[in-house]
Amino acid sequence: MLEEVAVLLRFRVTNHASLRDEQELSLVASDRHPERAERELASGGHRVVPVAAIYGTNASGKSNVIDAIRWMRQAVLSSFRRWDPTGGVPRRPFALRRDVASSPTSFSVDFALNGVRHEFGFSVDDDRVTEEWLYHYPERKANRLYERRADSSVVFGRSLTGRKKIISELLRPNSLYLSVAAAQGHPQLSEVYRWFQTGLRLATDGNFRARLDHTVQLLLGGRQQVGPAPVMRLLQFADLGVSGLEVEEPDEAVVDDYERLTQAMREALGERVRVEAQGLHSVRVEHRTVEGVFPLDLGEESSGTRTWIGLMGPVLVALAQGAVLCVDELDARLHPYLVDALVGMFQSPDINRSGAQLIFSTHEAALLGRNVRTELFRDQVWFTEKDADTLATRLFPMTEFHVRDSLENLEKRYLAGRYGAVPYLDDDLMSEISEAVGGA
């Protein structure tokens, strides 16, 4: 068994978007299945699953689970460098309550870094970070690295070395201690920061250009662990009628505009400002026919082709580096066969040899059926449902139900409403709509 690089065990969130009360997503295996790429931690005795699927109706909050992971990651990466020092915390609390401003939002995550379990978390209100903590478990017992308390004081454990007090002096009310420590090059805490930076990745509609840039970098040979060959294999595998990708260097005028914009922002906001250069390359998709090869602009391709190309980079990098990849609405604009194949890459012990994990939200019930290549087990399936009284989201696992893996048709039971998390369609309302339309 390979040593774990970045393995997610549990994620917890309270009071973010539709997630009012504490919700937990666990990737700790409850059953042993050697046919999937499980990872066993050297410390703690936990085994973790490679894939977790989140099902639910429209507006049930499943995308908010992915968004909560994204927000926590961005807070770690951006709170010190990019948040307005006097602008408070740009959080998204549960809005359907009377005490919104006084209710803190909390995030915590358990993960394994180089085989050692860590627990990191924090709470925020509209103005500041109210709590922050980091523990590790080198010998199965919690060992404090640091705790930040409500009065903004920071208490350190004996195992945390380095320039702790200097970092504390730079700490702002609305920045995380972990973010400041990484900016100052603290060796121990920078490793944890890098887990959020490279070990935890997101694929959402909002970061398509960044994901496309991952694919472009692979094609250009800019990633050491993954070259252009796997990208071309995935293009051919998808049967999209694509023979290749053509990447053009950005126009000199575009580069000049980018450099002028960067310089202007640095003069206005300081030398530490960074402007991302993603999306400067032009990507064209090549199609081979009997009459030759014809390149088309990416914008002329179908949404499914663009989605697949934008996912190839993050998927291949995650599999190579053993990272966690979170995808919102994996089935959107992709054929069920492609979704099945992509999930299977993470589930397969032969392909996923570095301990990568995939967390995704979906409506694709076929993944629970028997006519797919990839079998998801009960400890890999989660559901979201709205509470009728509060409209808050509840996240719960299939393991709450009595389910026998491989012996029951999970797809049929899910669509029949046996696990909840399916829409209630009122036939009486449909009759009223029919009458209204008929009488128009």
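- By the 30° and 60° cut-offs, the orientation of the rings of W71 relative to F107 is parallel.
- Distance CG/L171 to CD/E132: 7.5 Å, rounded to 0.5 Å.
- A donor-acceptor pair shorter than 3.5 Å can be found between the side chains of H287 and E301.
- Counting only heavy atoms from C-beta outward, the side chains of R201 and Q321 approach each other to under 4.5 Å.
- Counting only N and O atoms by type, the side chains of T362 and D331 include a donor and acceptor under 3.5 Å apart.
- No side-chain heavy atom of E119 sits under 4.5 Å from any side-chain heavy atom of L9.
- To the nearest 0.5 angstrom, D297 atom CG is 5.0 Å from R284 atom CZ.
- Atom CG of residue L145 and atom NE2 of residue H118 lie 6.0 Å apart, to the nearest 0.5 angstrom.
- For the residue pair S60 / T384, a side-chain donor-acceptor distance below 3.5 Å is found, with atom types taken as modelled.
- Taking the six-membered ring for Trp and the full ring otherwise, the centers of F383 and F396 sit less than 6.0 Å from each other.
- Residues F11 and L27 fail the side-chain proximity criterion, which asks for heavy atoms closer than 4.5 Å.
- Residues S79 and S179 have side chains that bring a donor and an acceptor to within less than 3.5 angstrom of each other.
- Residues D340 and T374 bring a donor and an acceptor atom of their side chains to less than 3.5 Å of each other.
- Note: H335 and Y337 have perpendicular aromatic rings, judged against thresholds of 30 and 60 degrees for the angle between ring planes.
- Considering CG of L19 and CZ of F94, their distance stands at 9.0 Å, rounded to 0.5 Å.
- With hydrogens and angles ignored, the 3.5 Å screen pairs a side-chain donor or acceptor of K62 with a backbone N or O of G56.
- Remark: the D328 side chain and the S63 side chain contain an N/O donor-acceptor pair separated by less than 3.5 Å.
- At distances below 3.5 Å, not a single donor-acceptor pair connects side-chain atoms of R117 with backbone N or O atoms of P138.
- Salt bridge status for R36 with E38: present, with a side-chain N to carboxylate O gap under 4.0 Å.
- Looking at T130, its side chain does come within 3.5 Å of a backbone N or O of S123 through a donor-acceptor pair.
- With contacts defined as side-chain heavy-atom distances shorter than 4.5 Å, the pair L178/F122 does not qualify.
- Atom CE in M312 sits 5.5 Å away from atom CG in L245 (nearest 0.5 Å).
- In this structure, W195 and F111 have parallel ring planes: the angle between them is below the 30° cut-off, well short of the 60° mark.
- Contact of the L358 side chain with the N352 side chain is not registered, since no non-hydrogen atoms from C-beta on lie closer than 4.5 Å.
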